[in-house]
Amino acid sequence: QVQLVESGGGLVQPGGSLRLSCVASGSISVISAMGWYRQAPAKQRELVATITGAGRTNYGDSVKGRFTISRDNTKNTVSLQMNSLKPEDMAVYYCNAAIESPGSSWTNVYWGQGTQVTVSS
């Protein structure tokens, strides 16, 4: 099986920064797209950022210019650098990846357990 484990969440003041990381492990042949999504209380899960295997990125409108997604293909990791954090950024952040496993003919989508980001003074 494949596991995605996030780290780096925590409490930060408005205007501060956090860096989230996600490591994929298990039965992996190829990781195509990876991304970050978030869900605040009483709200639907929304796109934060995605990155393809070729390095093309896409960001949600609310985080453009403040967040940066990156990946390290040699370590099966994806990171999210979050700067100029706002109270509205407070949410549980989930790592996402499309992964092909050995012996599989298709790509499966996996999710991490989530990491809490709290932005408060």
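Annotation: the span from Leu47 atom CG to Tyr59 atom OH amounts to 10.5 Å, rounded to 0.5 Å. In this structure, Met90 CE and Leu85 CG are separated by 12.0 Å, a value rounded to the nearest 0.5 Å. For the atom pair Arg71 CZ and Ile69 CD1, the distance stands at 8.5 Å (nearest 0.5 Å).
For the salt bridge (charged side-chain N to carboxylate O under 4.0 Å, His left out) condition, no pair includes a residue of residues 105-121, sequence neighbours left out. Applying the ring-ring contact (aromatic ring centres under 6.0 Å, His included) definition to pairs two or more places apart or across chains, none involves residues 66-86. Contacts classified as salt bridge (charged side-chain N to carboxylate O under 4.0 Å, His left out) and involving residues 20-30 (residues at least two apart or in different chains) are not found.
Among residues two or more places apart in sequence or in another chain, the side chain to side chain donor-acceptor pair (under 3.5 Å) test is passed with Ser105 by none. The side chain to side chain donor-acceptor pair (under 3.5 Å) check on Glu100 picks up nothing, with sequence neighbours excluded. For Ser27, the side chain to side chain contact (heavy atoms under 4.5 Å, CB included) partners are Ser101, Pro102, not counting sequence neighbours. Residues meeting the side chain to side chain contact (heavy atoms under 4.5 Å, CB included) test with Gln1, sequence neighbours left out: Gln3, Tyr110.
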Sequence neighbours left out, cut at 3.5 Å: what donor-acceptor pairs do the side chains of residues 51-58 make with other protein atoms?
unit_1, atom_1, unit_2, atom_2, d
Thr52, OG1, Ala54, N, 3.3
Thr52, OG1, Gly55, N, 3.3
Thr52, OG1, Arg56, N, 3.1

Indicate every side-chain donor-acceptor pair of residues 10-20 with a distance under 3.5 Å to a residue at least two apart or in another chain.
unit_1, atom_1, unit_2, atom_2, d
Ser17, OG, Asn83, OD1, 2.9
Arg19, NH1, Gln81, OE1, 3.3

Enumerate, atom names and distances included, each donor-acceptor pair closer than 3.5 Å involving a side-chain atom of residues 28-39, sequence neighbours excluded.
unit_1, atom_1, unit_2, atom_2, d
Ser32, OG, Ala98, O, 3.2
Arg38, NE, Glu46, OE2, 2.7
Arg38, NH1, Asp89, OD1, 2.9
Arg38, NH1, Tyr93, OH, 2.9
Arg38, NH2, Glu46, OE2, 3.2
Arg38, NH2, Ser62, OG, 3.1
Gln39, NE2, Lys43, O, 3.0

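Clustering of Ile, Leu, Val, Met, Phe, Trp and Tyr by side-chain heavy atoms under 4.5 Å joins Trp106 with none of the others. Side-chain contacts under 4.5 Å among hydrophobic residues (ILVMFWY), followed directly or transitively, place Val23 with no other residue at all.
Using a 4.5 Å heavy-atom cutoff, the side chains of Val48 and Leu80 are in contact.
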